[in-house]
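In what follows, every chain begins at residue 1, and chains take the letters A, B, ... in the order their sequences are listed. Only a predicted model underlies this, so the values are computations on that prediction, with no experimental measurement involved.
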Amino acid sequence: MAYPYTHEKEVRILSKHFGEPEARTVEGWKARGGYQTLSMAFEMGRNAIIDEVKASGLRGRGGAGFPAGVKWSFMPQDGGRPHYLLCNADESEPGTFKDRELLRWAPHQVIEGMIIAAYAIRAEQAYVYCRGEFFETTQILARAIEEAYEAGYLGKDILGSGVNVDITVHCGGGAYICGEETALMNSLEGRRGTPRIKPPFPAQAGYMGMPSTVNNVETLSSIPFIIQEGADAYRANGTAESPGTKLFCVSGHVRRPGNYELPLGFPLMELIDDVCGGMKEGRTLKGVIPGGSSVPILNAEECANCEMSFEGVIAAGSQLGCAAVIVMDDSTDIVKEVRRMVGFYAHESCGQCTPCREGSAWAEKILRRIEEGRGTEEDLDTLMEVTSQMEGTTICVLSDSVAAPVQSSINKFREEYLSRIRTGEKAGVA
Amino acid sequence: MSEARRIPFNNPGWAGNTGEFQLTEAQVRGDEYVGKRPPEGGHPSGTSTYPYMLAEKDPEAPLFEGAYQERFEKIRSRYPDARSALLPSLGMAQELRGHLSPETMEQVAQLLGLSPAYVRGVATFYTMYNKRPVGRFLIQVCTNISCSLCGGDDVLQAFLNNTGTEMGETSEDGNFTVMEAECLAGCGFPTTVQINSRYYENVMPKDVPEILERLKAQGE
Ligand SMILES: Cc1cc2nc3c(=O)[nH]c(=O)nc-3n(C[C@H](O)[C@H](O)[C@H](O)COP(=O)(O)O)c2cc1C
Ligand code: SF4
Ligand code: FES
């Protein structure tokens with residue numbers, strides 16, 4: 001029974017067992033080759049693991065694309081203080097829905113990756129920070145962790161190796177900003193989820209002021225394959241700068257939305273037209289947000305030659321982010337959708353930085369005015385100016401996430417804004 | 001597909017149930033795998049994941065006694081300090097009482113040795129903590145970008161119409177509170193709706209009356 005939907009062009013490594021309920025159990029996971037990498041990893045030793053992950057070129061899947069092995073190597077080598085591994089399962093970026101699938105269909109893959117990562121960075125305690133809404137998902141994860149304890153893969157002296165790792169599931173309280181790594185640490189400490197000024201970086205002073213590493217669920221899920229098959233096998237997929245496969249979360253106006261695991265560098269139009277079955281009946285493509293709602297919108301022309309790798313999407317004029325591909329057809333009301341996204345960021349701004357707090361609220365107000373046909377042409381200039389002051393001036397990049405959709409949509413769909421302003425009509429909206 | 005295997009609606013809890021597959025709703029949601037977890041929380045690693053949003057709520061329930069006391073202690077044991085246990089403790093208080101009143105926050109503060117003002121400051125930062133009572137079923141409809149593109153606003157409107165409520169207000173029979181939600185990470189299966197602890201995906205306006213009936217009849 002195939003996980004709807006699947007496609008023959010997929011290279012299913014992380015998602016291989018999606019849709020198989022038995023794969024959730026520890027026995028089922030072992031029967032599928034799981035948990036073999038633990039003793040391999042303990043035998044390799046910490047430095048060799050970090051070298052292998054560095055060699056694989058695995059880049060963080062949480063949005064920024066920072067090389068995972070390099071991040072691990074920032075952790076202090078000496079003992080003494082407790083180290084922490086924090087798995088980021090806060091998945092809240094609009095358009096993203098991959099971590100939930102990884103957690104509920106392949107929970108042991110994440111656990112196995114976490115054990116190896118914790119060992120490599122000398123952490124005995126690891127937390128999975130799950131967004132609070134994931135009740136069903138965290139029940140599955142918690143059961144899987146319990147089974148892993150029963151099977152001796154977690155706890156003290158794992159498989160007689162002398163390695164100790166504990167995993168605890170922690171549920172958030174509903175706040176997008178807690179996905180930002182320093183906000184996550186504050187939230188885990190029982191504080192308001194406000195981002196911290198960096199430096200110090202988490203590897204120096206993270207959770208409880210101790211050396212910590214934050215990695216995304218998908219990043220950690222990729223580790224067992226790298227240990228099992230080696231860096232070269234991992235590099236067999238993807239591009240030189242963006243190795244490996246990636247779960248692409250495709251949503252919006254395609255016939256078959258869903259998660260598709262494809263090599264990085266896969267052409268965007270092939271993803272839309274072939275893998276996802278194309279646009280809905282009689283519709284044409286208007287634009288794509290290729291990496292979750294905080295990256296610039298691409299118009300149809302820019303999509304034509306866009307390759308879905310970190311470097312490829314930058315070349316096309318946007319960012320890969322977490323590869324949440326939001327597809328919009330000619331029925332899309334750009335003004336309304338941009339207003340909706342900006343409204344989200346205005347709501348989720350933690351309020352610490354004035355440009356972000358004030359800027360996002362103003363941008364939403366002005367956009368709503370335009371949407372309701374009460375805008376002026378000067379409003380577009382004001383929007384551009386307000387959002388340009390929001391870039392690079394704040395503690396975290398949530399602020400920049402407001403600028404991206406506003407500026408890119410005004411630049412690329414200006415006529416649509418102007419018609420709304422001049423006539424109150426939705427011109428260009430089929 | 002036999003009747004027992006047929007999944008009600010388009011797809012409750014199931015990602016993309018418009019293709020070909022044969023899984024029961026319980027298999028999709030993981031109910032069979034998770035089973036019935038013990039009231040005192042099972043293994044401490046997962047104690048903070050308990051189903052916080054239950055239909056039955058008692059605003060006067062004691063904090064925390066019996067099995068809940070045990071759960072509280074297990075949660076506390078997983079962190080290096082008491083403050084870190086604040087969010088899970090607030091979640092547990094809400095599970096019991098349905099919302100966090102100022103008195104509830106004060107009690108949680110006392111249990112963890114924190115000041116009431118501090119706890120209020122933290123609790124008000126997070127949207128999942130209800131500051132006032134909600135209905136037996138808290139219905140949260142995503143209207144963010146991907147759902148919005150596929151008719152999320154219409155689904156929200158259908159819930160409001162069919163429950164006869166205004167946004168955020170509770171229906172007269174005390175059953176339903178409908179709210180607009182931000183992205184729930186089910187964007188490929190729009191519209192995604194969270195009802196208490198469960199996700200309903202691919203919800204269309206026409207499904208709404210049936211979902212509400214099911215809630216009244218089965219409590220989930
Ligand atoms: C506003 C904001 C929200 C974020 N949300 C998430 C999130 O939900 N999940 C995630 O993994 N990373 C998120 N990140 C990125 C994290 O800060 C961090 O870079 C990431 O978890 C590191 O993991 P990686 O190196 O494995 O990608 C967010 C960043 C920002 C600025
Ligand atoms: S940029 Fe916005 S969300 Fe980030 S720290 Fe500043 S106010 Fe908070
Ligand atoms: S946009 Fe609705 S679930 Fe993500």
Side-chain angles (χ1 to χ4, degrees), chain A residues 1-5 19 21 24-25 91-92 94-97 100-101 104 131-133 135-136 138-143 145-146 149 166-176 187-193 208 249-253 257-259 293 324 326 328 332 337 340-341 344 347-348, chain B residues 13 15-23 27 29-30 32-35 37 42-46 48-49 51-53 78-81 83-88 90-91 112 114 121-123 125-129 143-146 148-150 182-190 194 197-199:
Chain A
M1 95 202 49
Y3 178 76
Y5 301 102
R24 286 173 178 149
T25 66
E91 185 159 66
S92 316
T96 316
F97 52 100
R100 172 167 166 249
E101 300 295 272
R104 68 176 180 159
R131 64 176 293 179
E133 288 84 353
F135 294 100
E136 293 181 304
T138 50
Q139 299 280 306
I140 294 171
L141 177 66
R143 179 73 195 111
I145 291 174
E146 200 166 81
Y149 270 101
D166 279 305
I167 297 183
T168 302
V169 186
H170 182 92
C171 303
Y176 165 72
S187 180
L188 188 61
E189 286 178 14
R191 302 173 192 279
R192 300 168 75 105
M208 301 300 292
C249 314
V250 189
S251 66
H253 297 144
N259 272 302
S293 68
I326 305 166
M328 298 179 283
T332 306
E337 301 307 338
R340 183 65 187 85
M341 288 188 276
F344 167 76
H347 181 248
E348 300 297 334
Chain B
N17 176 15
T18 38
E20 284 172 32
F21 69 97
Q22 294 154 13
L23 290 172
Q27 283 175 318
R29 291 192 185 277
E32 291 174 347
Y33 173 53
V34 171
R37 295 179 65 199
H43 193 277
S45 55
S48 85
T49 67
Y52 288 150
M53 290 212 226
R78 300 300 281 194
Y79 301 97
D81 72 340
R83 189 194 303 269
S84 296
L86 177 54
L87 265 60
L90 288 171
L112 292 169
L114 301 166
V122 172
F125 184 84
Y126 297 95
T127 52
M128 280 177 63
Y129 301 126
T143 58
N144 211 308
I145 176 79
S146 305
S148 162
L149 288 172
C150 301
E182 295 299 355
C183 174
L184 291 165
C187 327
F189 324 111
Q194 185 186 6
S197 300
R198 296 202 158 215
Y199 271 33

* Determine the option with the most heavy-atom pairs under 4.5 angstrom with chain B, choosing from G174(A), A142(A), G173(A). => G173(A)
* Asked: So which of H347(A), H253(A), R191(A) has the biggest tally of heavy-atom pairs under 4.5 Å with chain B?
  -> R191(A)
* Structure fact -> Most heavy-atom pairs under 4.5 Å with chain B, out of E146(A), Q139(A), M208(A), E91(A), belong to Q139(A)
* **Charged N-O contact under 4.0 Å between E337(A) and R340(A)** => no
* S251(A): side-chain hydrogen bond (donor to acceptor under 3.5 Å, both in side chains) partners, not counting sequence neighbours -> S146(B)
* To do: Taking Y33(B) for its side chain and R24(A) for its backbone only, find out whether a donor-acceptor pair lies under 3.5 Å.
  => yes
* With sequence neighbours left out, write down each residue that passes side-chain hydrogen bond (donor to acceptor under 3.5 Å, both in side chains) with R192(A), or none if nothing qualifies. => none
* To do: Look at the side chain of Y126(B) and the backbone N and O of G193(A), then say whether any donor-acceptor pair between them is shorter than 3.5 Å.
  => yes
* Among the options L86(B), L87(B), L112(B), pick out the one with the most heavy-atom pairs lying under 4.5 Å from chain A. => L87(B)
* Do you know which of E348(A), M328(A), R131(A) has the most heavy-atom pairs under 4.5 Å to chain B? -> R131(A)
* To do: Against chain A, work out which of S148(B), S197(B), C150(B), P51(B) has the most heavy-atom pairs shorter than 4.5 Å and name it.
  => S197(B)
* Structure fact -> Among L114(B), N144(B), V122(B), the residue with the most heavy-atom pairs under 4.5 Å to chain A is N144(B)
* Kindly say whether the aromatic ring centers of Y199(B) and F189(B) come within a distance under 6.0 Å. => no
* **Which of T25(A), V250(A), T332(A) touches chain B most, by non-hydrogen pairs under 4.5 Å** => T25(A)
* When you check the side-chain N and O atoms of S48(B) and R78(B), is any donor under 3.5 Å from an acceptor? -> no
* In terms of heavy-atom pairs under 4.5 Å, which option from S187(A), A175(A), G172(A), G252(A) contacts chain B the most? -> S187(A)
